[in-house]
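Beneath this line is the structure, given in structure tokens, with notes to follow.
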Amino acid sequence: MSLRSHILALSSFIGLSASISGASAQEVVQPLPAAYAGGESLDGEGGLPFSSYLQVLAARARAEGVSEGTISAMTVGLTPNSRVVSLDRAQPAGPPGSGFSPLAPYIATHVDRNRIAGGRRVYEAAADTVGQVERAYGVPAPIVIAIWGHETNYGSYKGDFDLARSLATLAWEGRRRELFAAEFIDLLKIADTGFSRDTLKGSWAGAFGNPQFLPSVYLRLAVDGDGDGRKDIWNSRADTLHSIANYFRDAGWRTGEPWGVAAQLPAGFNVDAHKGKILSPVCPRVHERHSQWKKVREWKQLGVTPLAPIGDDVMASVFQPDGPGTKSWLLTGNYRVILEYNCSNYYAMSVGLLADEIAK
């Protein structure tokens with residue numbers, strides 16, 4: 001499975017940003033559910049006690065080159081966290097944003113005055129860094145900053161769950177064992193580079209730092225943007241911005257192309273008559289809401305008017321999420337890159353619109 005497919009598979013049930021917003025930032029240790037009687041896992045496959053399963057994970061980490069000191073430091077005193085299990089089981093059955101509720105109320109609360117102002121402050125304060133980011137990765141700085149703003153409100157809330165405890169619990173619980181076991185091992189590899197367990201805190205589902213990366217994403221795509229020898233996405237603004245931009249470049253961002261532009265549809269235009277048939281292995285309902293892909297000039301020939309600059313040869317899809325007579329957009333391939341960060345139309349639209357406001 002590719003990195004992006006792996007992350008999308010995970011985000012389809014937790015959401016990279018929902019991992020914090022779906023719970024308070026406080027780690028609450030509650031009595032274990034009755035199903036844990038005897039210290040057995042919930043999947044019924046072997047039922048290893050948590051302490052025994054930790055030894056399985058330790059052996060795997062050892063085989064993958066993690067030092068004994070790190071294994072000991074990251075596993076000592078670990079117990080299962082029932083709060084994490086409860087939060088995981090409370091997640092909706094479908095992927096984030098898969099329902100067809102109106103977009104406008106979501107945008108009103110996620111592209112608000114405070115988040116716009118915060119993004120503009122970052123843009124101004126980090127002028128040298130954002131210039132370097134745009135030149136190095138070809139990704140507009142406002143998009144990168146908007147991701148940071150949407151994920152953790154520019155670092156104001158990053159989560160304080162013990163990542164080792166959360167990931168070990170989710171792996172032991174068993175419903176998605178291999179997924180979370182691999183993330184746990186990757187977390188230990190990060191610790192092996194010099195980050196302490198006290199630093200390695202984040203959301204209940206294992207995402208951490210300003211951009212809420214999972215351990216596997218961090219290992220592949222985090223960047224030492226300030227050149228101090230550490231990829232510190234918790235505290236370094238440069239590392240954060242470079243790392244998010246690197247993620248977008250890896251996901252296929254097309255330099256010089258907008259994520260989308262507002263569009264005016266002609267009277268009586270029936271978006272449903274132009275619906276596309278996209279088979280997506282993840283978040284299929286997200287793509288059900290988009291039209292066929294046509295060149296912008298073809299949409300113009302059908303009476304669709306872009307309300308911002310966009311090339312005639314750019315491939316785009318019409319999106320009118322709130323029904324006839326409401327706001328519409330022409331979305332490009334870069335919109336789908338945003339979806340790879342979190343597969344939700346609500347998320348991707350709010351990131352794009354926040355970026356537009358930051359850039360003004």
Side-chain angles (χ1 to χ4, degrees), residues 1-3 5-16 18-20 22-23 27-68 70-91 159-192 195 197 199-209 212-220:
M1 179 181 288
S2 70
L3 172 65
S5 295
H6 173 86
I7 298 308
L8 282 172
L10 182 56
S11 65
S12 69
F13 68 91
I14 60 172
L16 292 178
S19 56
I20 282 184
E27 181 177 355
V28 180
V29 181
Q30 301 173 342
L32 291 174
Y36 281 95
E40 295 182 353
S41 60
L42 299 183
D43 65 355
E45 297 177 1
L48 282 177
F50 183 79
S51 58
S52 298
Y53 182 64
L54 270 185
Q55 295 305 309
V56 173
L57 290 176
R60 177 170 167 178
R62 195 174 295 116
E64 294 189 25
V66 179
S67 70
E68 289 295 335
T70 293
I71 293 172
S72 175
M74 295 295 287
T75 60
V76 63
L78 276 188
T79 57
N81 189 337
S82 62
R83 175 67 171 155
V84 168
V85 175
S86 298
L87 289 167
D88 180 43
R89 289 179 171 255
Q91 292 299 295
D160 62 359
F161 281 79
D162 179 344
L163 292 171
R165 189 180 185 209
S166 293
L167 290 169
T169 296
L170 290 166
W172 171 69
E173 186 261 357
R175 294 188 302 143
R176 301 172 181 89
R177 173 160 292 162
E178 179 52 34
L179 197 61
F180 285 112
E183 294 295 340
F184 178 84
I185 302 302
D186 284 344
L187 180 73
L188 267 58
K189 292 177 181 177
I190 295 170
D192 227 11
F195 289 103
R197 186 165 157 188
T199 299
L200 295 172
K201 294 184 182 296
S203 76
W204 66 266
F208 58 87
Q212 289 295 281
F213 277 0
L214 291 166
S216 57
V217 178
Y218 176 95
L219 286 177
R220 183 176 176 195

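Below, all heavy atoms of this structure are taken into account, side chains as well, without hydrogens, waters or symmetry copies.
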Just verifying a value: how many Å separate [X] [atom1] and [Y] [atom2], rounded to the nearest 0.5 Å?
X	Y	atom1	atom2	answer
Lys201	Leu163	NZ	CG	8.0 Å
Ile71	Leu54	CD1	CG	11.0 Å
Ser203	Leu214	OG	CG	7.5 Å
Thr169	Leu87	OG1	CG	11.5 Å

Just so I know, are the side chains of [X] and [Y] near enough to count as touching, which here means a heavy-atom distance under 4.5 Å?
X	Y	answer
Phe161	Arg83	yes
Asp88	Arg175	yes
Arg176	Leu170	no
Leu78	Trp172	no

Taking every non-hydrogen atom, the tightest pair across [X] and [Y]:
X	Y	result
Pro215	Glu183	CD-OE1, 3.1 Å
Ala171	Phe180	N-CB, 3.7 Å
Leu167	Gly206	CD2-CA, 3.9 Å

Q: Kindly indicate, with the supporting measurements, whether the criterion side chain to side chain contact (heavy atoms under 4.5 Å, CB included) is fulfilled by Phe213 and Ile190.
A: CA-CA 12 Å; Phe213 277 0; Ile190 295 170; over 6 Å; no

Q | Listed partners of Thr70 passing side chain to side chain donor-acceptor pair (under 3.5 Å), at least two apart | A | Ser67, Asp192

Q: Apply side chain to side chain contact (heavy atoms under 4.5 Å, CB included) to the pair Val66 and Met74, showing each step before the final yes or no.
A: CA-CA 11 Å; Val66 179; Met74 295 295 287; over 6 Å; no

Q: Report the relative orientation of the aromatic rings in Phe195 and Tyr218; use parallel for angles under 30°, tilted for 30 to 60°, perpendicular for over 60°.
A: perpendicular

Q. Is it true that the NZ or CZ of Arg177 lies under 6.0 Å from the centre of Tyr53's six-membered ring and within 45 degrees of the ring axis?
A. yes

Mind listing the side-chain donor-acceptor pairs of residues 56-64 below 3.5 Å, one per line with the distance, residues two or more places apart or on another chain?
residue, atom, partner, partner atom, Å
Arg60, NE, Glu64, OE2, 3.4
Arg60, NH1, Glu178, OE1, 3.2
Arg60, NH1, Glu178, OE2, 3.4
Arg60, NH2, Glu178, OE2, 3.0
Arg62, NE, Glu68, OE2, 2.3
Glu64, OE1, Lys189, NZ, 2.8

